[in-house]
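Notes to accompany the following structure.
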Amino acid sequence: DVNDLSGRKSKIKSWMQTVYTDINNTRDIFAFNLIAPADIGEKEYNQIIDALNKASVIVEDILFELDNK
């Protein structure tokens, strides 16, 4: 049914927007040094920052695609 598909697309977009917001809020915790490299180790800190940055870009790309379908 077309309405079900439209509703699902809307829910997916909403969930992805929530994920994007959560990723960026989590990234801010590290960016503002609420959790600092000294707390968890430089290597681990950088791994987390890199993973959050990559995840943010992926989700942003998905949101862009959803907007343009």
Side-chain angles (χ1 to χ4, degrees):
D1 182 286
V2 174
N3 288 336
D4 289 345
L5 192 58
S6 176
R8 177 160 175 77
K9 182 178 174 184
S10 177
K11 283 181 182 177
I12 289 172
K13 186 175 174 185
S14 174
W15 290 328
M16 292 304 295
Q17 186 62 55
T18 298
V19 169
Y20 182 72
T21 300
D22 290 348
I23 289 168
N24 287 314
N25 287 340
T26 303
R27 212 165 45 160
D28 286 348
I29 291 170
F30 292 91
F32 298 137
N33 281 326
L34 299 174
I35 298 175
D39 299 320
I40 61 173
E42 184 101 24
K43 178 183 172 193
E44 291 80 0
Y45 179 90
N46 288 331
Q47 287 175 325
I48 291 169
I49 291 292
D50 287 346
L52 289 168
N53 287 339
K54 287 176 186 173
S56 180
V57 169
I58 292 166
V59 174
E60 191 172 16
D61 288 348
I62 291 168
L63 285 168
F64 180 79
E65 288 297 321
L66 289 172
D67 279 342
N68 292 299
K69 278 190 174 182

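All residue numbers refer to positions in the sequence shown, counting from 1.
- Hydrophobic clustering, with ILVMFWY side chains joined whenever heavy atoms are under 4.5 angstrom apart, keeps Ile12 apart from Phe64.
- Qualifying salt bridge (charged side-chain N to carboxylate O under 4.0 Å, His left out) partners for Lys13, counting only residues two or more places apart in sequence or in other chains: Asp67.
- One finds the CD1 atom of Ile48 at 7.0 Å from the CD1 atom of Ile35 (value rounded to the nearest 0.5 Å).
- Contacts classified as salt bridge (Lys or Arg N to Asp or Glu O under 4.0 Å) and involving residues 37-58 (residues at least two apart or in different chains) are not found.
- Hydrophobic clustering of Ile, Leu, Val, Met, Phe, Trp and Tyr side chains at less than 4.5 Å, counting indirect connections, keeps Val57 apart from Ile62.
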Please tabulate, for side-chain N and O atoms in residues 23-30, each donor-acceptor pair with protein atoms closer than 3.5 Å (sequence neighbours left out).
unit_1: Asn24; atom_1: OD1; unit_2: Arg27; atom_2: NE; d: 3.2
unit_1: Asn24; atom_1: OD1; unit_2: Arg27; atom_2: NH2; d: 2.6
unit_1: Asn24; atom_1: OD1; unit_2: Ser56; atom_2: OG; d: 3.2
unit_1: Asn24; atom_1: ND2; unit_2: Tyr20; atom_2: O; d: 3.1
unit_1: Asn25; atom_1: ND2; unit_2: Thr21; atom_2: O; d: 3.4
unit_1: Thr26; atom_1: OG1; unit_2: Asp22; atom_2: O; d: 2.8
unit_1: Arg27; atom_1: NH1; unit_2: Asn53; atom_2: OD1; d: 2.8

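- Using a 4.5 Å cut-off between side-chain heavy atoms of Ile, Leu, Val, Met, Phe, Trp and Tyr, with links allowed through other members, Ile58 and Met16 fall into the same hydrophobic cluster.
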